[in-house]
Amino acid sequence: MKPAFFLIILLLAPVAAYADSERQDNPVTALGWVAIASGLLGTVPYILYNRVKKISVVELGGGDQITRDLAMQYKPLLNVHMALNIIGFTAGAVHGILLIEDLDTISLSLAIVMTVLTITGIILRFSSGNLRVFTKLVHNQVILSGLLVVLIILHVTSML
Amino acid sequence: MKPSILAGLVLVAVLATNPNLATFAQEDDDDRESLGLTEREREREHDDDSASGGLTGLVLIGTIIAILGVGGYAAYKVIRIRSKASKPKAT
Ligand code: HEM
């Protein structure tokens, strides 16, 4: 029951791509916006949550009720992070493949960074030991997330 | 299978088979061939890509360097941790 509900909600996310197709002459462009939106939704709240949790541990201590309540939310929030980013990656990848003709170096850089973050994220979820330490160090690197944001901005502005 | 992975696969299937996507070929459309995967109408002239080529080339090189740098740093860290862990505790 729960997984089914989860799946149905997830499937509603890309509907935005079709909602715009009447107005916009190219729905594939809308797919790019879906990728950006689901990436933001999947990542910004997750990073904020982790910051708040860390602050709670430092300020209130691990035993405090607030810290414990926050810790309880880890798994569901991680699931949202993974699900929305996989949707975002898929939407972005389809968007890129359909517009492959217009490939430029910014788009290529963006595709590379997206792919690295997604692959390390998936490995991180299913690995252990050295591989997990390695992928965690790569995936959690601010430089890569920051680079992703910069490239998205460059990519969008270069299309105007 | 994880719901999230399943959802990703379903999304690909939906997108790939959706007849409303303008990019996929219509039967009565002369300009499009096969699936039309790489074909779409050009809204604007293809202006000279090299206009900003020098700068954007740097973006790509910077990206690759950043990824290799992060990968190298992570590998270095893992090796450091391993060699420290395998050494005897008392020195
Ligand atoms: C593509 C865009 C993505 C970005 C920008 C991104 C960003 C991040 C960031 C910044 C963190 C660290 C959060 C923190 O501790 O403050 C994180 C954690 C994590 N991400 Fe992603 N992520 C992306 C995609 C994915 C995907 C596709 C998956 C898996 C399917 C994934 C799995 C994870 C996991 C498992 C963690 C937890 C790491 C831990 O336990 O410390 N990520 N992500």
Side-chain angles (χ1 to χ4, degrees), chain A residues 2-11 13-14 17-18 21 25-28 31 79-80 82-87 89-91 93-94 97-102 104-106 108-110 112-113 116 120 122 125-126 130-131 133-139 141 143-144 146-147 150-151 154 158, chain B residues 1-16 18-24 35-44 46-47 49-82 85:
Chain A
K2 253 194 215 161
F5 176 73
F6 191 51
L7 247 176
I8 290 164
I9 296 293
L10 288 184
L11 287 174
Y18 305 109
S21 61
D25 40 295
N26 193 355
V28 183
L31 208 49
N79 283 336
V80 170
M82 295 190 295
L84 284 179
N85 275 315
I86 286 173
I87 289 178
F89 174 80
T90 311
V94 172
I97 289 166
L98 293 179
L99 299 173
I100 193 77
E101 256 187 309
D102 291 334
D104 55 31
T105 51
I106 292 175
L108 181 58
S109 306
L110 183 54
I112 292 171
V113 175
V116 167
T120 53
I122 291 169
R125 174 64 182 75
F126 297 107
N130 289 328
L131 184 61
V133 175
F134 176 79
T135 46
K136 188 163 181 163
L137 280 165
V138 174
H139 190 84
Q141 217 52 243
I143 297 173
L144 290 189
L147 188 57
V150 170
L151 287 172
L154 285 176
S158 72
Chain B
M1 205 182 325
K2 286 265 159 195
S4 49
I5 295 170
L6 193 58
L9 293 176
V10 173
L11 176 62
V12 173
V14 168
L15 291 172
N18 195 300
N20 294 325
L21 268 184
T23 315
F24 289 96
L35 264 177
L37 257 182
T38 57
E39 293 174 74
R40 67 183 193 114
E41 290 178 58
R42 319 213 57 91
E43 297 92 31
R44 55 195 154 93
H46 216 45
D47 36 13
D49 276 341
S50 64
S52 50
L55 197 81
T56 54
L58 274 179
V59 171
L60 181 59
I61 292 168
T63 299
I64 291 168
I65 288 174
I67 288 169
L68 292 179
V70 169
Y73 164 79
Y76 166 76
K77 276 268 193 176
V78 170
I79 291 166
R80 280 287 304 275
I81 293 166
R82 284 210 68 184

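Convention: sequence-line order gives letters A, B, ...; per-chain numbering from 1. Worth saying up front: this structure is predicted, and the values here are computed from it rather than measured.
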Q.
If I compare all heavy atoms of A/Phe126 with all of B/Ile5, which pair ends up nearest, and what's the gap?
A. CZ-CD1, 4.1 Å
Q) For B/Ile81, is it the side chain, the backbone, both, or neither that has a heavy atom closer than 4.5 Å to a heavy atom of chain A? A) side chain
Q: Sort out for me which of B/Ala66, B/Gly71, B/Gly62, B/Gly8 touches chain A most, counting heavy-atom pairs under 4.5 Å.
A: B/Gly71
Q.
Can you give me the closest heavy-atom contact between A/Ser109 and B/Thr63, atom names plus distance?
A. CB-OG1, 3.3 Å
Q: Start with the C-alpha distance between A/Val150 and B/Val59, add both sets of side-chain angles, then the distance that settles side-chain contact (heavy atoms from CB on, under 4.5 Å), and finish with yes or no.
A: CA-CA 10 Å; A/Val150 170; B/Val59 171; over 6 Å; no
Q. Where does A/Val116 contact chain B at under 4.5 Å (heavy atoms): side chain, backbone, both or neither?
A. side chain
**Q.** Toward chain B, the part of A/Leu151 with a non-hydrogen atom under 4.5 Å
**A.** side chain
Q) For B/Leu60, which of A/Asp104, A/Leu110, A/Leu108 qualifies under side chain to side chain contact (heavy atoms under 4.5 Å, CB included)? A) A/Leu108
Q. Do you know the tightest heavy-atom contact between A/Thr105 and B/Gly57?
A. OG1-N, 3.8 Å
Q: Count the heavy atoms of every other residue, nucleotide or ligand shown that sit under 6.0 Å from CG of A/Leu131, and state whether that count exceeds 12.
A: yes
Q: Tell me, out of B/Ile61, B/Ile67, B/Ile79, who's got the most heavy-atom pairs with chain A below 4.5 Å.
A: B/Ile67
Q: For each of A/Asn130, A/Thr120, A/Thr90, tally heavy-atom pairs with chain B at distances under 4.5 Å, and name the one with the top tally.
A: A/Asn130
